[in-house]
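Below: the structure, in structure tokens.
Keep in mind that the numbers below use all heavy atoms, side chains included, and drop hydrogens, waters and symmetry copies. Note that the coordinates shown come from a computational prediction; the quantities given were computed from them, not determined experimentally. Read the numbers this way: they start at 1 and go in the same order the structure lists the ligands and their atoms.
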Amino acid sequence: MPHPWWKTSVVYQVYPRSFADSDGDGVGDLPGLLGRLDHIQALGADVVWVSPFYPSPQADNGYDVADYQDVDPLFGTLADVDRLIAALHERGMRLMIDIVVNHTSDAHPWFVESRGSSDNPRRDWYWWRPPRGGMALGDKGAEPTDWGSFFGGPTWEPDPASGEYYLHLFDRRQPDLNWENPQVRATIHEMLRWWLARGVDGFRFDVINLVSKTIHDDGTGIFVNGPRIHEFCRGMHEAAWGSDTLITVGECPGVSVEHARRYTDPAAREFDMVFQFEHMHVDHGPAGRFDVIPLDWVRMKQVLARWQDGLAEVGWNSLYWGNHDQPRPVSRYGDPAAYRVESAKALATVLHLQRGTPYVFQGEELGMGNYPFDSLDQLDDVESRNWAQAALAAGRAVDEVLAVVNARGRDHARTPMQWDASPQAGFTTGTPWLPVNPDHTLVNAAAQVGDPESVFAHYQSLIRLRRQFTVVVDGRFELLLPEHPSIVAFTRRLDDQALLVVANLSSEPADLHLPDAVTTEFADGPVLLGSGMPPAGPGRPAKRSRLAPWEAWVISRGMPR
Ligand code: NOJ
């Protein structure tokens, strides 16, 4: 069976607000993106995933959609999307759009109608419920369930006009659609077909495993992987793209490996891959993303290996260290102060050499780091702002709250893309909606593209390896040294081809003791890619017994194909 094309693809994620601004209003836009396709093509990525550009009040930066079939004037026009599709296709590249159908904006006409009166036909398109147990609207504990919103506070918003609550798993301006209603599902299917007819090549489905829910009168219920979730996902696949090959990825918070196998089993006809979160949670304490605990690489390796093994026979992995919801990987897992370039390269190496489809979030290919926020007033993100407000109200000190947000906030990923060293980093001629990171004078695309030692060049090499050698795409993964606190080492094997990947993910040197059989097997193999190695490192890498900080390399046994 030939591979579907997305198994050899590398996806580049664009957050359009922050990528490139063509008209000087300080907000990135589609014409801006069109003008920067050379950068993505030079990197070697072949799929561009663009975060939402639909009309939206921007309560959650576009993840609150007010019209699924148009473009917000902030970002451009439908004609710009058509131009983007044509320009990408001309280059042999593809477009993946972001589909946000667990919820709409409260400004979506469907919700305006739904809220308008209890007997409106669209009432049932959302989740309306009376207060629990005969209590009055707004009473403590009267919410239909006691679920907490992903963005803080309860998931139920009282609507005094009708005396009922509506459900919002995210912000109150993001009411949840009721997928139990067949018209809702049919309308979504039709909308997807409309985008496919325009020429898009794939979809990223926002929090798609939350769309099936049960809510009982006694206040119990579920909203993650609910009872009809597979029926809904398969139904959407069948109705919208059938047997066509797209690239589809379902964002699935709380998904287990076992469950992901079901979602990504080609025979189940749901999604090509999912975004799972287990590896994102390794440095989260019990209270979630703002509960900062140190990263334990032993635990991280267990998680990564479990996903590699779990989807080896059936299904497929997505591979990512960052996106628009996560802090910058080099700041979170690397050492941006002392070893920015080396740590960015080492992290990329261990990610891109795993089996799955890698995702590169804009700026990651430059080693862009977190923004040094010095005041809570600078925050834009609704999640960080809500959390900070609640933490302050609970009596935590401002400095402590700021430190947590500086470690974990979503705004870090959203500061403008750093194109060059000029005052607004080449992002805009106006005032950017979020400030440009002061390090852009050092960390920027103009300084890196064409420099063989740059982080950018390293990403290019990694992507080239994937294109050159089938073992990178398809080789079996085996973790080595599972107990080592900082070395990530693994092999990839396919027929008679084999790769050894070794990286020291630490700013301290580390002793390396590979199993003898591995050392022997790879002793004479060529180094396909290396970084952070001491210039005159003694001996061939596989025979080395000590690794420099953030040293990483890929060796093959013989010449791979
Ligand atoms: C996940 C998206 O990635 C995030 O940015 C958004 O806030 C939530 N889903 C709600 O749509």
Side-chain angles (χ1 to χ4, degrees), residues 11-19 28 49-68 72 75 96-108 111 126-127 147-153 155 157 166-177 179 188 203-211 213 223-225 248-255 271 273-277 279-281 284 288-290 318 320-328 359-362 364 379-387 405 408-415 433-434:
V11 183
Y12 187 87
Q13 184 191 352
V14 169
Y15 195 66
R17 285 184 84 80
S18 308
F19 194 60
W49 153 27
V50 187
S51 281
F53 44 67
Y54 316 102
S56 162
Q58 305 289 322
D60 187 18
N61 290 350
Y63 284 90
D64 47 323
V65 179
D67 181 350
Y68 290 107
D72 197 297
F75 298 123
M96 176 197 262
I97 62 171
D98 211 319
I99 302 294
V100 190
V101 285
N102 173 68
H103 44 269
T104 67
S105 161
D106 63 349
H108 197 296
F111 187 72
Y126 294 84
W127 292 90
W147 299 340
S149 150
F150 284 95
F151 291 164
T155 56
E157 180 70 11
Y166 69 83
L167 177 69
H168 60 90
L169 293 180
F170 293 88
D171 189 69
R172 66 181 166 73
R173 291 161 293 176
Q174 293 167 294
D176 280 51
L177 279 167
W179 278 58
I188 290 168
F203 301 121
R204 177 264 188 191
F205 291 98
D206 192 72
V207 292
I208 197 68
N209 66 328
L210 307 185
V211 301
K213 292 141 179 137
F223 62 84
V224 182
N225 303 317
T248 60
V249 53
E251 189 200 24
C252 291
V255 77
F271 305 114
M273 59 197 114
V274 298
F275 286 138
Q276 58 90 11
F277 287 80
H279 68 308
M280 289 287 108
H281 293 168
H284 288 187
R289 82 152 56 216
F290 296 109
S318 69
Y320 72 96
W321 282 138
N323 57 39
H324 64 291
D325 292 330
Q326 302 295 338
R328 293 280 177 178
Y359 287 71
V360 180
F361 179 68
Q362 63 185 43
E364 183 188 319
L379 301 179
D380 170 82
D381 167 34
V382 57
E383 182 180 31
S384 298
R385 290 174 74 102
N386 288 356
W387 179 82
V405 168
R408 289 298 154 78
R410 302 197 297 177
D411 285 321
H412 293 298
R414 303 173 179 188
T415 62
W433 72 280
L434 266 187

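- For ligand 1, the atoms lying closer than 4.0 Å to a non-hydrogen atom of Phe151 are 7 (O).
- Taking both residues in full, the closest heavy atoms of Asp381 and Glu383 are given as OD1-N, 3.0 Å, listed atom of the first, atom of the second, then distance.
- Each of the atoms 9 (N) of ligand 1 lies under 4.0 Å from some heavy atom of Val207.
- When each atom of ligand 1 is checked for a heavy atom of His103 under 4.0 Å away, the hits are 10 (C), 11 (O).
- Among Tyr15, Phe275, Tyr359, the one residue that satisfies the ring-ring contact (aromatic ring centres under 6.0 Å, His included) test with His324 is Tyr15.
- Here the protein heavy atom with the shortest distance to atom 6 (C) of ligand 1 is Asp60 OD2, 3.2 Å.
- Protein heavy atom at the shortest distance from atom 1 (C) of ligand 1 is Asp206 OD1, 3.0 Å.
- Side chains of Thr104 and Gln174: no donor on one and acceptor on the other come within 3.5 Å.
- Under 4.0 angstrom from ligand 1, the non-hydrogen atoms of Arg204 all belong to its side chain.
- For Trp147 and Phe223, the ring centers are positioned less than 6.0 Å apart.
- Between Cys252 and Ile208, the shortest heavy-atom contact is SG-CG2, 4.2 Å.
- Counting the atoms of ligand 1 from 1 in the order shown, those under 4.0 Å from a heavy atom of Arg410 are 4 (C), 5 (O), 6 (C), 7 (O).
- Within the 4.0 Å heavy-atom shell around ligand 1 one does not find Glu383.
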Salt bridge (Lys or Arg N to Asp or Glu O under 4.0 Å) between Asp325 and Arg414, intermediate numbers included: CA-CA 9 Å; Asp325 292 330; Arg414 303 173 179 188; 3.1 Å; yes
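- Between Phe170 and Tyr63, a ring centre-to-centre spacing not shorter than 6.0 Å is recorded.
- Considering only non-hydrogen protein atoms, atom 5 (O) of ligand 1 sits nearest to Asp325 OD1, 2.7 Å.
- In the vicinity of Glu251, heavy-atom distances shorter than 4.0 Å reach the ligand 1 atoms 1 (C), 3 (O), 9 (N).
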